[in-house]
Amino acid sequence: MVKDFELRINGKVYRVRAFEDEPLLWVIRERLSLTGTKFGCGIGVCGACTLLVGRQAVRSCLLPVKDAVGKEITTIEGLPSNHPLKRAWIELQVPQCGYCQPGQIMEAYALLLENPKPTREQIVQRLSSHLCRCGTYNRIVRAVEKAVGGRT
């Protein structure tokens with residue numbers, strides 16, 4: 001059933017018409033033109049579509065839009081360009097193709113909200129559920145370490 005929804009994304013309120021069970025990913029990308037969040041697998045495995053709902057990292061391809069109403073949603077566009085994670089990603093030239101990187105950054109951001117000084121093992125474990133076809137895992141981990149305290 002098509003309904004009108006009000007979503008709070010990156011601090012802004014959007015009104016959108018969508019199917020109740022339509023994945024949040026498609027509402028954000030296709031209806032609101034916030035295309036930083038990527039489609040990867042559509043079954044919640046790869047992590048390319050990760051964004052935050054509240055302070056939790058969520059695979060937006062699995063979340064029906066109706067379940068996001070009334071919650072603060074943060075996409076990669078909502079993370080300031082001068083955020084330490086984004087700066088470290090650029091400085092360490094993490095991406096090759098870059099497709100998975102918004103999801104990786106948002107997962108790392110959720111980790112840092114929970115634990116501002118994670119160990120290397122905690123970073124690796126948290127990001128292990130994300131797929132990077134280019135294999136930049138070591139650079140990803142180093143970038144998170146750099147963002148939390150200058151380790152590289």
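This structure is a prediction, so every number in the text was calculated from the model and none was measured. Reckoned from all heavy atoms, side chains included, excluding hydrogens, waters and symmetry mates.
Checked against side chain to side chain donor-acceptor pair (under 3.5 Å), Arg126 has the following partners two or more places apart in sequence or in another chain: Glu107, Glu114. Every residue meeting the side chain to side chain contact (heavy atoms under 4.5 Å, CB included) condition with Asn82, not counting sequence neighbours, appears here in chain and number order: Pro80, Arg87. Residues forming a side chain to side chain donor-acceptor pair (under 3.5 Å) with Thr75 (at least two apart in sequence, or on another chain): Asn10, Glu77. Gln93 is linked by a side chain to side chain contact (heavy atoms under 4.5 Å, CB included) to nothing, counting only residues two or more places apart in sequence or in another chain.
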* Chi angles and distances behind the salt bridge (charged side-chain N to carboxylate O under 4.0 Å, His left out) call for Lys66, Glu22 -> CA-CA 8 Å; Lys66 67 182 179 186; Glu22 188 171 343; over 6 Å; no
* Thr35/Glu30 under side-chain contact (heavy atoms from CB on, under 4.5 Å): CA gap, chis, key distance, verdict -> CA-CA 8 Å; Thr35 57; Glu30 301 298 325; over 6 Å; no
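Sorted pairs that involve residues 44-63 and meet salt bridge (charged side-chain N to carboxylate O under 4.0 Å, His left out), not counting sequence neighbours, are lacking altogether. Residue pairs meeting the salt bridge (charged side-chain N to carboxylate O under 4.0 Å, His left out) criterion with at least one partner in residues 38-50, sequence neighbours excluded, do not occur; the list is empty.
Between Phe39 and Trp26, the ring-plane angle classifies as tilted under the 30° and 60° cut-offs.
Checking Leu7, Thr37, Leu62 one by one against Leu24, the side-chain contact (heavy atoms from CB on, under 4.5 Å) holds for a single residue, Leu7. Applying side-chain contact (heavy atoms from CB on, under 4.5 Å) to Ile73 and the options Leu52, Val58, Leu63, Ile28 leaves one that passes, Ile28.
Of all non-hydrogen atoms in Thr119 and Gln122, the two that sit nearest each other are N-OE1, 2.7 Å. When all heavy atoms of Cys61 and Gly42 are compared, the pair lying nearest together is SG-C, 3.7 Å.
If you look at Tyr137 and His130, their ring centroids are not closer than 6.0 Å.
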